[in-house]
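Below is one structure, written out as structure tokens, with a few remarks after it.
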Amino acid sequence: MFRKILIANRGEVAVRIIRSCREMGIPTVSVYSEADVNSLHVSLATESYCIGPKESAKSYLNVQAIIATALLSGADAIHPGYGFLSENADFADICKAHGICFIGPSGDVIRRMGDKAQARATMANKKIPITPGTGIIKDIKEAKKFCKKIGYPVIIKATAGGGGKGMRIVNEEKELEENMSLCQTEAQSFFGNPDVYIEKYLQNPRHIEVQILADKKGNVIQLGERDCSIQRRHQKLVEETPSPGVNKAVREKLAKTAIEVVKAVQYEGVGTIEFLLDKDNNFYFMEMNTRLQVEHGISEMISNVDIVREQVCIAAGLPLSVKQSDIKLQGHAIECRINAEDPDKNFMPMAGVIKGYNAPGGFGVRVDSHVYSDYEIPPYYDSLISKLICWAPTRQQAIRKMYRALKEYAIVGTKTTIPFYQMLIEDAVFISGKFDTGFIEDFCMRYADK
Ligand code: ADP
């Protein structure tokens with residue numbers, strides 16, 4: 001096992017990783033920017049080092065500072081969390097070159113799956129269903145021809161995209177050229193790569209993803225599907241497992257396909273296979289995330305598997321601690337991503353001091369967060385300040401528990417999305433389980449009228 005693990009991340013995910021490491025008896029090193037000196041991840045780690053100023057590019061993305069800190073502190077592994085360097089293939093290679101284990105797949109696998117167009121081509125080769133689409137678009141004539149063939153609407157996507165950024169929906173041919181060049185410019189500025197491709201835009205599908213774990217001995221398991229259809233600007237807000245829109249036959253097919261994807265790329269580590277599910281129960285591979293995901297906690301709650309612990313063990317070369325036949329998915333789990341945002345101002349990010357804080361508790365309630373009373377939310381990073389997860393034996397009970405927990409959750413001094421979720425969780429469409437990725441737009445219109 002590792003001597004010491006450095007966590008190259010901040011906030012709630014760093015706290016989450018430190019917790020599993022502590023339980024495993026592994027000392028941790030946290031790194032932080034000058035703006036994050038008061039974050040819980042700094043005080044919870046065994047050792048903490050400042051690695052740069054507030055700008056992510058000079059701190060959490062500062063590869064030299066992170067590697068130097070790992071070497072000087074004697075850490076022999078780096079957990080990248082999610083975001084930042086977690087899907088950076090060069091970073092994985094650099095860790096290896098310095099004799100540090102990157103807790104994740106190899107640089108080559110990240111490269112292969114991180115490029116969305118390449119991942120789609122790999123899947124098509126293996127007969128995994130993908131949405132109709134192109135490879136990297138070289139010229140507008142080719143794009144027009146393809147879109148005419150499959151019909152509008154289409155979605156232009158950055159091959160290096162992520163986090164809901166670098167995507168544009170196009171409804172008719174006359175909008176295509178302008179959107180393509182805008183998408184290329186955005187792709188270059190966000191991801192340093194201007195390549196884009198085109199996919200058929202499915203009308204209001206569900207976003208369904210499967211959590212997988214694969215060790216270095218060839219064992220692969222899956223922990224069921226998560227429904228992440230409740231999204232705003234292509235970013236997830238509420239996730240639940242199992243999906244209320246997936247029947248037994250589709251569930252089994254999704255799980256089987258996810259395992260096939262893992263085997264097709266000889267994946268090692270924890271990961272997520274994302275699919276879009278249409279109204280006729282057809283599903284299509286969308287992408288693979290080669291890292292821990294924000295919403296992994298709900299799968300932990302129904303499977304009783306500590307995904308971070310398994311991830312660390314996989315990286316250390318140990319076999320998975322559970323077999324597929326040991327996994328009994330039980331009950332229902334829902335997560336609300338609590339963001340420091342003003343839902344009444346188009347979810348504008350809010351910074352500032354949390355003057356009063358009371359997190360909910362009780363049976364089946366889990367709060368993953370790095371904030372506390374008097375904590376100052378820095379304006380430089382993601383607005384996620386807490387993940388509220390509720391587990392109960394049935395979906396209906398999980399919804400009631402979430403409602404109760406949201407009512408208990410007090411964050412004073414800054415606006416958050418808590419009041420928004422209090423309304424969402426009571427919404428008849430949400431409760432019915434019959435929703436898709438168009439839910440939030442529709443709900444916000446109804447919410448604005450209230
Ligand atoms: P990212 O990597 O930025 O998260 P994804 O490729 O996972 O982007 O897509 C994010 C969301 O965008 C999906 O969950 C879905 O709501 C929407 N989306 C992406 N591709 C399509 C498509 N072809 N048709 C309809 N919606 C799509």
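In this chain, residues are counted from 1 in sequence order. Note that this is a predicted model, so its numbers are computed, not measured.
- Put simply, OG on Ser243 and CD1 on Ile208 are 3.5 Å apart, with the number rounded to the nearest 0.5 Å.
- Nearest heavy-atom pair, Cys228 versus Glu295, reported as atom, atom and distance to 0.1 Å: SG-OE2, 3.9 Å.
- Looking at Val246 and Asp227, their side chains never come closer than 4.5 Å, going by heavy atoms from C-beta outward.
- Within 6.0 Å of the NZ atom in Lys253, the count of heavy atoms belonging to other residues, nucleotides or ligands does not exceed 12.
- Around the CZ atom of Arg400, the shell of radius 6.0 Å holds no more than 12 heavy atoms that belong to other residues, nucleotides or ligands.
- Taking the six-membered ring where the residue is Trp, the centroids of Tyr357 and Tyr409 are separated by under 6.0 Å.
- Residues Glu335 and Lys387 meet the side-chain proximity criterion, which asks for heavy atoms closer than 4.5 Å.
- More than 12 heavy-atom neighbours from other residues, nucleotides or ligands sit within 6.0 angstrom of CD on Gln324.
- Side-chain polar atoms of His79 and Gln311 form a donor-acceptor pair below 3.5 angstrom.
- For Thr437 (side chain) and Ser229 (main-chain N/O), no donor-acceptor pair under 3.5 Å exists by modelled atom type.
- Between the side chain of Ser189 and the main chain of Glu186, a donor-acceptor pair closer than 3.5 Å is present.
- Looking at heavy atoms from C-beta onward, Thr290 lies in side-chain contact with Tyr267 at the 4.5 angstrom threshold.
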Task: salt bridge (Lys or Arg N to Asp or Glu O under 4.0 Å) assessment of Arg291 paired with Glu87 - done: CA-CA 7 Å; Arg291 56 172 166 83; Glu87 288 180 292; 2.8 Å; yes
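- In this structure, Ile5 CD1 and Cys21 SG are separated by 4.0 Å, a value rounded to the nearest 0.5 Å.
- Heavy-atom neighbours of Glu172 CD from other residues, nucleotides or ligands within 6.0 Å: above the threshold of 12.
- From His296, atom NE2 reaches atom CD1 of Ile389 across 7.0 Å, with rounding to the nearest 0.5 Å.
- In this structure, the side chain of Tyr32 does not engage the main chain of Gly52 through any donor-acceptor pair within 3.5 Å.
- Aromatic ring centroids of Tyr284 and Phe275 lie 6.0 Å or more apart.
- Side-chain atoms of Gln293 and Thr272 form a donor-acceptor pair, as typed in the model, at a separation below 3.5 Å.
- The environment of Gln396 atom CD is sparse: at most 12 non-hydrogen atoms of other residues, nucleotides or ligands sit within 6.0 angstrom.
- Judged by distance alone, the side chains of Asn179 and Glu175 never bring a donor and an acceptor atom under 3.5 Å apart.
- The closest donor-acceptor contact from the side chain of Gln211 to the backbone of Gln222 lies at 3.5 Å or more, if one exists at all.
- Using a 4.5 Å heavy-atom cutoff, the side chains of Arg233 and Lys165 are not in contact.
- A donor-acceptor contact shorter than 3.5 Å is absent between the side chain of Lys415 and the backbone of Met350.
- At a threshold of 4.5 Å between non-hydrogen side-chain atoms, the residues Thr159 and Val196 do not count as touching.
- For the pair Leu292/Val13, a side-chain contact is recorded, criterion being any heavy-atom separation below 4.5 Å from C-beta on.
- Under 4.0 Å is where a charged nitrogen must lie from a carboxylate oxygen, and between Arg232 and Glu341 at least one such pair does.
- Screening residues 118-132 for salt bridge (Lys or Arg N to Asp or Glu O under 4.0 Å) gives Arg120-Glu199 as the qualifying pairs, with residues at least two apart or on separate chains.
- Gln231 has its side chain out of reach of Phe439: every pair of non-hydrogen atoms, C-beta onward, lies at least 4.5 Å apart.
- For an aromatic pair to be called close, the ring centres must be under 6.0 Å apart, and Phe435 with Phe443 fails this.
- A donor-acceptor pair under 3.5 Å is formed between the side chain of Asp215 and the backbone N or O of Gly218.
- Side-chain N or O atoms of Trp391 include none that pairs as donor or acceptor with a backbone N or O of Arg366 at under 3.5 Å.
- Annotation for Cys95 and Ile78: closest pair SG-CD1, 4.0 Å, computed over non-hydrogen atoms.
- The minimum heavy-atom distance linking Cys101 with Ala315 is given by the pair SG-O, 3.7 Å.
- Of the inter-residue distances, the one linking Leu61 atom CG with Asn88 atom CG reads 8.0 Å to the nearest 0.5 angstrom.
- Between Ser33 and Tyr60, the shortest heavy-atom distance links the atoms N-OH, 3.0 Å.
- Counting heavy atoms of neighbouring residues, nucleotides and ligands inside a 6.0 Å radius, atom NZ of Lys216 exceeds 12 of them.
- The cationic atom of Arg10 (NZ for Lys, CZ for Arg) does not lie both less than 6.0 Å from the six-membered ring centre of Tyr380 and within 45° of the ring axis.
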Open item on the list: As a quick check of understanding, evaluate ring-ring contact (aromatic ring centres under 6.0 Å, His included) for Tyr201 and Tyr152, giving each step before the final call.
Closed with: CA-CA 7 Å; Tyr201 186 69; Tyr152 289 86; over 10 Å; no
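- A donor-acceptor pair is defined here as one N or O able to donate and one able to accept, closer than 3.5 Å; no such pair exists between the side chain of Tyr421 and the backbone of Leu406.
- Contact of the Leu44 side chain with the Val15 side chain is registered, since non-hydrogen atoms from C-beta on lie closer than 4.5 Å.
- Expressed to the nearest 0.5 Å, how far OG1 of Thr134 lies from NZ of Lys200 amounts to 13.5 Å.
- Minimum heavy-atom separation, Ser432 to Arg395: C-NH1, 4.2 Å.
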Task: Lys248 vs Glu252, salt bridge (Lys or Arg N to Asp or Glu O under 4.0 Å): CA-CA, chis, key distance, verdict - done: CA-CA 6 Å; Lys248 189 162 175 276; Glu252 280 168 9; 3.5 Å; yes
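- For Glu441, the CD atom is loosely surrounded, since the number of other residues' heavy atoms within 6.0 Å does not exceed 12.
- Salt-bridge check for Asp427 with Arg446: passed, with a basic side-chain N closer than 4.0 Å to an acidic carboxylate O.
- Without hydrogens or angle criteria, Glu239 side chain to Lys236 main chain gives no donor-acceptor distance under 3.5 Å.
- With respect to Arg111 and Asp108, a salt bridge is recorded, a charged nitrogen being found less than 4.0 Å from a carboxylate O.
- Using a 4.0 Å cut-off between a side-chain N of Lys or Arg and a carboxylate O of Asp or Glu, Asp195 and Lys116 do not qualify as a salt bridge.
- With respect to Lys256 and Glu260, a salt bridge is recorded, a charged nitrogen being found less than 4.0 Å from a carboxylate O.
- Judged by distance alone, with hydrogens and angles left aside, the side-chain atoms of Asp36 form no donor-acceptor pair with the main-chain N or O of Ser39 at under 3.5 Å.
- Side-chain atoms of Arg226 and Ser299 form a donor-acceptor pair, as typed in the model, at a separation below 3.5 Å.
- Taken to the nearest 0.5 Å, the CD atom of Glu240 stands 11.0 Å off from the CD1 atom of Ile302.
- With 3.5 Å as the limit, one finds no donor-acceptor pair spanning the side chains of Arg112 and Gln118.
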Open item on the list: Applying side-chain contact (heavy atoms from CB on, under 4.5 Å) to Ile17 and Asn9, what does each step give before you reach the verdict?
Closed with: CA-CA 10 Å; Ile17 296 160; Asn9 214 303; 5.6 Å; no
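- Contact between Ala143 and Ile198 at its shortest, heavy atoms only, is CB-CD1, 3.8 Å.
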